[in-house]
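Ligands are counted one by one from 1 in listed order, and the atoms in each one are counted from 1 as well.
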Amino acid sequence: MLRLYQFERTWGIPNLSHFCCKIETYLRMAGIEYEIKPTLPLTAPKGKLPYIEDDDTKLGDSQFIIQHLKTNYNNLDEGLNKAELALSLAMQRLLEEHLYWVSMYSRWLYTDTNWQINKKAIFGVMPPVIRDIVAAYFRNKIKKQIYGHGIGRHDTEEIFKLGMLDIDALSSCLGNKKYFLGEQPTTLDASAFGILISTIGCPIESPLKEYGLSKDNLTNFVAHIKTHFFSDL
Ligand SMILES: N[C@@H](CCC(=O)N[C@@H](CS)C(=O)NCC(=O)O)C(=O)O
């Protein structure tokens, strides 16, 4: 059976990692059987989670994993036309290459309270002394990534303002539809759920979370997917 390597479950959500949550959501939406192997990214093929093992295949990065799932199991995007596929890709880039970094800033750098909550959730399984060293190492690494991305060069107010523009775009794109591209779930919904639940559905407080929670269609979307596909949580 396909094995999904991801962080330990916490916070009452599928996963604290946006991308692990995206993959588990795709698996459930597509009705693919899998087993979970909780782990940390230290031994991941590309140094990041999630990754999967499926027979002899070991794959990192959610984009390549979904390609594999589409080819070998079930393609949730089969019914989309070219324009819908283009919109799907563009919105996934907004979610995963921009809004994701605002969310990362909230968790790792915005307030000490958020950092302590994040630290406990990710590194809490480690013995105390090692935990502090490893957590400090990763915090410094993620800080460099946020700066390298570019968003970390702005001040706090600017960072959240940019994130709120993403929330506006997502809310307008979803409108009053059940899923982003209609009545059936697609890859875009798995991606959107992964990033949105980490933004509005976890105990990391920020102006971005407040703003996201003010959009009824986005909160209903997240609640619907959680209830419909993760009723066991
Ligand atoms: N592009 C990758 C991103 C995966 C990613 O950033 N994973 C994070 C957790 S949300 C990670 O493992 N980070 C560890 C690190 O950067 O050292 C994907 O789509 O899977």
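The nearest non-hydrogen atom to atom 4 (C) of ligand 1, considering only Leu49, Asp61, Ile195, comes from Leu49. Proximity annotation for atom 17 (O) of ligand 1: of Met104, Gln63, Lys141, Lys141 comes nearest, heavy atoms only. Heavy-atom proximity to atom 11 (C) of ligand 1, evaluated over Lys22, His18, Lys48, is greatest for Lys48.
For the pair Arg3 and Tyr34, the cation-pi criterion (under 6.0 Å, within 45° of the ring axis) is not fulfilled. Cation-pi check for Arg139 over Trp115 is met; the charged atom lies under 6.0 angstrom from the ring centroid and within 45 degrees of its normal.
Taking a cut-off of under 4.0 Å to the non-hydrogen atoms of Gln145, the atoms of ligand 1 that pass are 16 (O).
No salt bridge links Asp189 with Lys177; every basic N to acidic carboxylate O contact stays at or beyond 4.0 Å.
Counting heavy atoms closer than 4.0 Å to ligand 1, residue Tyr100 contributes side-chain atoms (C-beta onward) but none from N, CA, C or O.
Between Tyr100 and His18, the ring-plane angle classifies as perpendicular under the 30° and 60° cut-offs.
Of all protein heavy atoms, the one closest to atom 10 (S) of ligand 1 is Ser17 OG, 3.2 Å. At the shortest separation from atom 19 (O) of ligand 1 among protein heavy atoms lies Ser62 OG, 2.6 Å.
More than 12 heavy atoms of other residues, nucleotides or ligands lie within 6.0 Å of NZ in Lys46, so this atom counts as buried by the packing criterion.
Of the possible donor and acceptor atoms, one in the side chain of Asn220 sits under 3.5 Å from a partner among the backbone N and O of Asp216.
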